[in-house]
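Proteins come first, then strands; the chains are lettered A, B, ... in the order of their sequence lines, and each starts at number 1.
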Number of protein chains: 2
Amino acid sequence: MMLTERQLLILQVIIDEFILNAQPIGSRSLSKKDEINFSSATIRNEMADLEELGFIEKTHTSSGRVPSEKGYRYYVDHLLPPQAPKLADMQKIKSVFAERIYEMEKIVQKSAQILSELTNYTAIALGPKVKENKLKKIQIVPLNKETAIAIIVTNTGHVENKMFSLPPSFDVNEIEKMANILNDRLTGVPLMELKDKIFKEIVVLLRQHIHNYDGIVTALADTLNVSKPRKLFFGGKTNMLSQPEFHDIDKVKMLLSMIEQEKGIYDLMKQNPAGIHVKIGRENNNSALEDCSLITATYSMGPEEVGTIAILGPTRMEYSRVISLLHFFTADLTTLLTKLYQKQ
Amino acid sequence: MMLTERQLLILQVIIDEFILNAQPIGSRSLSKKDEINFSSATIRNEMADLEELGFIEKTHTSSGRVPSEKGYRYYVDHLLPPQAPKLADMQKIKSVFAERIYEMEKIVQKSAQILSELTNYTAIALGPKVKENKLKKIQIVPLNKETAIAIIVTNTGHVENKMFSLPPSFDVNEIEKMANILNDRLTGVPLMELKDKIFKEIVVLLRQHIHNYDGIVTALADTLNVSKPRKLFFGGKTNMLSQPEFHDIDKVKMLLSMIEQEKGIYDLMKQNPAGIHVKIGRENNNSALEDCSLITATYSMGPEEVGTIAILGPTRMEYSRVISLLHFFTADLTTLLTKLYQKQ
DNA sequence: GTTAGCACTCTATAAGCTTGAGTGCTAATA
DNA sequence: TATTAGCACTCAAGCTTATAGAGTGCTAAC
């Protein structure tokens, strides 16, 4: 099933061309290309072979050819024209990272926005893994006799807060004592282990020092049990509407509903193997994404993978450009995050 | 320009019918309605008058009639069939408010979601006016030698946080002292006045007690200057795609882009006169909303208006149902918020 | 192995025709 | 005078037909 040089050339030109114009390509127009020096009849023969092998398809009996998913897959794996990002794009990225933003979430959010602007596709960023952050400080602020707010600060500067009910007749003065105990014992503990630790170690201490401790322990443990899924950030949600393959309102609806739901996207994003990966069409296992490709890239903080950023476009997307862009972008983002947060 | 009883009846039936089916209505089909007991010829005469007065329009010379914006306006102002929300809807709303949610933002967010599900339109909620919240507590958590996080808690349980740079060679031990001063002097002050107050009153104190105070004061004041616009929450962003008037992909694109941008929506929402208001089509002064109507309703906390919630639908929307729903909803929401936060 | 040539296929577009829902006007009716 | 029946007319939507153009596959010649 080895393809000849000529077949590879034809396949590549067909896909490049289709990515550009979204129109089926015929043998005659192919034969006119500079790179190609054989007659349309020859090309027709080669195309027939390529079709038989499943790399290209016809939209109807007498139409030109269009890449199949298998064709795109081969193209992405073997035929990608190597490409460095455009200078202008690189500068734009640099300028974003040059701004003094501190919150990690804002950086990630902004990343999604910039990438969608640069690519005209939809950008999706999966926020950092908060669960693995380590506790820096817990604070408890009573609002009134019945409610209080627990505030958690992590080593990366992430802040979470949640209201909870105080047990009836709880002495507000005990709160500070309790906060001190918690800070003493829990600082440096990863958020995901907090709940466990509270029940295993802290309960004993609280029993000694705090009256009426039982009601508040469960409330607190519940509050600190940061089981929230990681946040998703989007840029250019509606960019897909400009693509000719989404002129069908039902397709658009399917796609946008799935984006709005977030659940499906989250499932796709969380299985994040390190590096850059391309999922084409049905490889995404999702009917709303049948005509889409998703390119994911991970970014890190120091040695540790912390997040994923992805570009969602039509299967006919500019793989080469997007991949090189993501390459450059995640490298820069990693550098920035490492510098910002690794020095504690 | 007073309309006769019969003209009113005809106008009402036309609009009711069009809201239901999105199809132009002809004299013959009107004459078959139970409410109407005169011939199609008579109706044609009346329709001609109504058209001349600008309440209805034809889509082409021999088509049935369709309500004009003026028609909808008259309908909303004078012809709305009074209607109580459906029992099932009321129960759904009640059940939402019965859940024990504490954070105001979550309540508002959930409100938008529920309303969009109940109406099948897009729901938009403008969050509470944070600026008018009063400071409950400021906390400053140093992350490392160069950065710290300022955390503000307000009387309504709203939490904001922002990272800022510490001036070089700032003594970390001074931070607690500073936080104490700030809390002493600023508790109870509305967020919008914080910055002013810091420069007028606190600077003097800090100068006495804190070394190297000048670098940190501007950083802090900047951080505490909560000038963020109020948050917007959406529900059912893609619901509009199911409306027949949005089968045109360009219209959809305009509308969704404007929603994604948030700016335009924010401008519409922030001019929130108390009570329920209807803006029809071009009354919204926004080309993306030409075929849309926006119904806004305010909700309160005790005596004070705190937020706005709105339903965005096609001009052909079910005004009566939506208005009664919003009426009921905001009353309930107001009760809940008043109960939750007014007891401090 | 490559290519020229030809018959064939299918889409897209435009033009023509028909149907049906609707109108406006006029004259007859209550 | 207000209402209605009747009729000629209009237009959109749907269907059919014709045409042009881009493309294919196959065969035979180079």
Side-chain angles (χ1 to χ4, degrees), chain A residues 2-11 13-18 20-68 71 244-245 247-248, chain B residues 2-11 13-18 20-68 71 244-245 247-248:
Chain A
M2 198 55 196
L3 295 182
T4 66
E5 277 300 308
R6 194 162 67 187
Q7 286 172 326
L8 290 181
L9 176 62
I10 290 176
L11 182 57
V13 176
I14 287 177
I15 299 185
D16 283 340
E17 195 67 11
F18 188 72
L20 215 60
N21 302 315
Q23 294 295 329
I25 296 101
S27 56
R28 211 177 108 79
S29 65
L30 256 194
S31 70
K32 284 191 195 136
K33 295 248 124 199
D34 285 350
E35 309 94 297
I36 288 181
N37 297 309
F38 17 91
S39 75
S40 63
T42 309
I43 296 172
R44 279 200 289 285
N45 289 331
E46 297 287 29
M47 280 173 139
D49 289 350
L50 283 172
E51 180 167 12
E52 206 163 311
L53 292 168
F55 293 107
I56 53 181
E57 298 168 344
K58 287 190 273 197
T59 59
H60 57 86
T61 35
S62 73
S63 77
R65 301 309 210 290
V66 150
S68 67
E245 31 272 272
H247 272 333
D248 174 12
Chain B
M2 197 54 197
L3 296 181
T4 66
E5 276 300 309
R6 194 163 67 188
Q7 286 173 326
L8 291 181
L9 176 62
I10 290 176
L11 181 57
V13 176
I14 288 177
I15 299 185
D16 283 339
E17 195 67 12
F18 188 71
L20 215 59
N21 302 316
Q23 294 295 327
I25 297 102
S27 55
R28 209 175 111 80
S29 64
L30 257 194
S31 71
K32 284 190 195 139
K33 295 247 122 200
D34 285 350
E35 309 93 298
I36 287 181
N37 297 309
F38 18 91
S39 75
S40 63
T42 309
I43 295 173
R44 279 201 288 284
N45 288 330
E46 297 287 29
M47 281 173 140
D49 289 351
L50 284 171
E51 180 167 10
E52 206 162 311
L53 292 169
F55 293 107
I56 54 181
E57 298 168 343
K58 289 190 272 197
T59 60
H60 58 86
T61 33
S62 72
S63 77
R65 301 309 211 290
V66 150
S68 67
E245 31 272 273
H247 272 332
D248 175 11

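Rounded to whole angstrom, the span from the CG atom of A/Asn37 across to the P atom of C/dT2 amounts to 13 Å. Protein atom NZ of A/Lys32 is 16 Å distant from nucleotide atom P of C/dT3, rounded to whole Å. One atom, NE2 of A/His60, and another, C1' of C/dT9, lie 9 Å apart when rounded to the nearest Å. Atom CD1 of B/Ile43 is separated from atom P of C/dG22 by 12 Å (rounded to the nearest Å).
The side-chain heavy atoms of B/Glu57 and B/Arg65, taken from C-beta on, include no pair separated by under 4.5 Å. Counting only heavy atoms from C-beta outward, the side chains of B/Met47 and B/Ile14 approach each other to under 4.5 Å.
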In B/S/- notation (B base, S sugar-phosphate only, - none; protein heavy atoms under 4.0 Å), nucleotides 18-30 of chain D written 5' to 3' is -----BBB-----
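Smallest separation of non-hydrogen atoms from B/Ser63 and B/Thr59: OG-N, 2.9 Å.
Atom CD of A/Glu35 has more than 12 heavy atoms from other residues, nucleotides or ligands within 6.0 Å.
For B/Ser31, the side-chain contact (heavy atoms from CB on, under 4.5 Å) partners are B/Ser40, B/Ile43, not counting sequence neighbours.
If you take OG on B/Ser27 and CD on B/Glu46, they are separated by 12.0 Å, rounding to the nearest 0.5 Å.
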